[in-house]
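Below is one structure, written out as structure tokens; the observations come after it.
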Amino acid sequence: MRQRGYFGNYGGQYVPELLMPALKELEQVYNELSNDITFKQELDHLFKHYAGRPTPLYYAENLTRHAGGAGIYLKREDLNHTGSHKLNNCLGQALIAKKMGKKRVIAETGAGQHGVATATVCALLGLECHIFMGNEDTIRQELNVFRMKLLGAEVIPVYSGSQTLKDAINEAIREWVASVKNTFYIFGSVVGPHPYPTMVRNFQSIIGREALQQLPEFGLSVPDYIIACVGGGSNSMGIFHPFYSTTAKLVGVEAGGCGPAIGDNSCSLGKGQVGVFHGKKSYFLQDEYGQIAPTHSVAAGLDYPGVGPEHAWYKETGRAEYVTITDDEAVQAYKTLAHLEGIIPALESSHALAYTLKLAPHLDKKQNILVCLSGRGDKDIISSNIIRNEE
Amino acid sequence: MNRLEKHFTELQKRHEKALILYITAGDPDMAATLNIMQALAENGVDCIELGIPFSDPMADGPVIQRASARALLNNINLRDILSLVKTFRQTHQTPVVLMGYFNTILHFGPEAFLHEYRAAGGDGLIIADLPFEEGEHFESLCREHSINLIYLVSPEPGTERTRNILAATGGFVYCVSHYGITGQHTDNNQLDNIVRSLKSMTTLPIAVGFGISSVEQAQQAARSADGVIIGSWLISELEQAQDKKLAAAGFCITLKEALTLV
């Protein structure tokens, strides 16, 4: 068997030949470092003193009362430095880049959260940083563009295709092929070729591991449900993975956009088919001839036609269930959390909240739901016209 | 021996360098593509590389991206391309190699595709995002259908892995001349060393591609290699041409002649 990095039938390394030596090198270095105590200590130190981890686990009492059913607990990744879970993975990968002697980092970004987190670690570790971002996303997430620039990154708008996350990845891969010898690609999600899906999942697993330690403070060991939004799927895999062998029901929430028709949503698992794209075999939204389909979501971070291969495997084996929340439902949940708890969630995380609000009333008051609040929503206030609608 | 292998053997006997030209199927439409293929075949091309348009050609530079987008505006699909190969094959014997991304073939069904492609008269296949590591199963299907699966070989050969790729590849060796995507400039200084190293490991003909954009570069590549692959440069010329058939013929004659002078 020549193949490497599969979760069941999904994963692999479907990349241009020129990237293969780099992937092999990365896999080797990553394997060495994951058994290296010093590396672990270095990362833990940054998690604690730089990122502000552990992030709180918060019992949302008002939200629970409002929903009128199961208890709702929020894992507050919005309080992680830079405002989302994305930093967890960036710290890990940038440390690897540094160990490999790479001085230049590239990354893609959708909502800009991964771009900001990458720019942040590059500023911290003295790495040159170039962020590829779809032109449409640079407009709807303008605040994050300013943040990245302030942090010293170059933001490269991508004008090809739909000018969103998918196209930013295409362009970042092209740049990677051309500069692979001196450049490290920090993938922002559990996507891309092996070893990225495993590596990103392991760095993000800090979310679930902390939750496992924090639940006993509330007299709980394992929640009945764990709910997280799924675009590429990094915050969800980060919170799911440590609970894999528990009884918790895992629910991934995909972006239903403005309707079920192809092009109107980003439900790769719900409406996509198995395919090969961006380095991996997984589920993709595509047309009858295997052309990758355009997508839509009010949340730029979920606006992607594919999903991490481990999610595809979770779906196939039934370990997780994948559901859909529309743009409108997500925006409603965004407002609800702000009003009831004084927390402004990212529109991405609002998908997980919206499904939680749907599910909780049907559950017993003794049951509990753990929600991954993957990021803060300041970035979304202007772009989603939420203030205007309020007025 | 299939058509591709036979043609390259004859070229080697005649000490002739191979001219391999890439165009995207359906750019700007199917009728034009057939015309261009015929023009190339009638003016000395040794192998036609026919691109399968893809929505997200991540291994291609801007020129081939544009060609792919133009073809997709006409909703060109793999079935149309199989018909095109079949039509071309009724009148011409020039070897044809399809080049694309794996998803379109996977979606069609690899076995069904190879069966129909063989029946249509196809000879070889290059898949930009199917490296040796992922090719094991597909490779054996290609062998069953007598289609040459041509792997790309990177500019740093000499490893165990390169030997394995060379052993698994069919028809010819596609040597990528530098790090980058299609259509970027190449530095010819190291090329001789790369090709020499590959020749010490295989008896297959070695063709050099990615970034040849002048007669001089083509000649320099052909000094050590057995053939050259040109794509973006040809497509740029065709983009600007009023009569694409005439431009294709002219391009082909110029390059083939330049290669005889090497």
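Predicted model, so just to flag it, every value in this text is computed and none were measured. Chain A is the first sequence line, chain B the second, and so forth, proteins listed ahead of strands; every chain is numbered from 1.
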Are the side chain of A:Gln291 and the backbone of B:Asn75 linked by a donor-acceptor contact shorter than 3.5 Å?
no
Looking only at non-hydrogen atoms, find the nearest pair between A:Ile292 and B:Ser55 and report the distance.
N-OG, 2.9 Å
Side chain, backbone, both or neither: which part of B:Ile165 has a non-hydrogen atom closer than 4.5 Å to chain A?
side chain
How many angstroms lie between CZ in A:Phe284 and CG in B:Asn103, if you round to the nearest 0.5 Å?
7.0 Å
For B:Lys86, does the NZ atom have more than 12 heavy-atom neighbours from other residues, nucleotides or ligands under 6.0 Å away?
no
Given the options A:Met20, A:Arg4, A:Lys281, A:Gln3, B:Glu134 meets side-chain contact (heavy atoms from CB on, under 4.5 Å) only with A:Gln3
More than 12 non-hydrogen atoms from neighbouring residues, nucleotides or ligands closer than 6.0 Å to NE2 on B:His145, yes or no?
yes
Honestly, the part of B:Pro53 sitting under 4.5 Å from a heavy atom of chain A is backbone
Of all heavy-atom pairs between B:Pro131 and A:Glu17, which one has the smallest distance, and what is that distance?
CB-OE1, 4.2 Å
Non-hydrogen atoms of chain B under 4.5 Å away: do they reach the side chain of A:Tyr14, the backbone, both or neither?
both
Measure B:Leu78 against the heavy atoms of chain A and call it side chain, backbone, both or neither at under 4.5 Å.
neither
Could you tell me which of B:Phe108, B:Tyr151, B:Phe102 has the largest number of non-hydrogen atom pairs under 4.5 Å with chain A?
B:Phe102
If you look at every heavy atom in A:His278 and B:Met58, which pair is closest and at what distance?
CD2-SD, 3.8 Å
Locate the shortest heavy-atom distance separating A:Tyr289 from B:His107; write the atom from each residue and the value.
C-CD2, 4.0 Å
Would you call B:Arg79-A:Glu288 a salt bridge at under 4.0 Å N-O?
no
Main chain of B:Gly135, side chain of A:Arg2: is a donor-acceptor contact present, judged purely on distance under 3.5 Å?
no
Heavy-atom contacts under 4.5 Å, residues 157-170 of chain A to chain B
A:Ser160, A:Lys166, A:Asp167, A:Asn170
Side-chain touch B:Glu133/A:His194, heavy atoms, less than 4.5 angstrom
no
With chain A, the option among B:Asn164, B:Ile127, B:Leu106 that has the most non-hydrogen atom pairs under 4.5 Å is B:Leu106
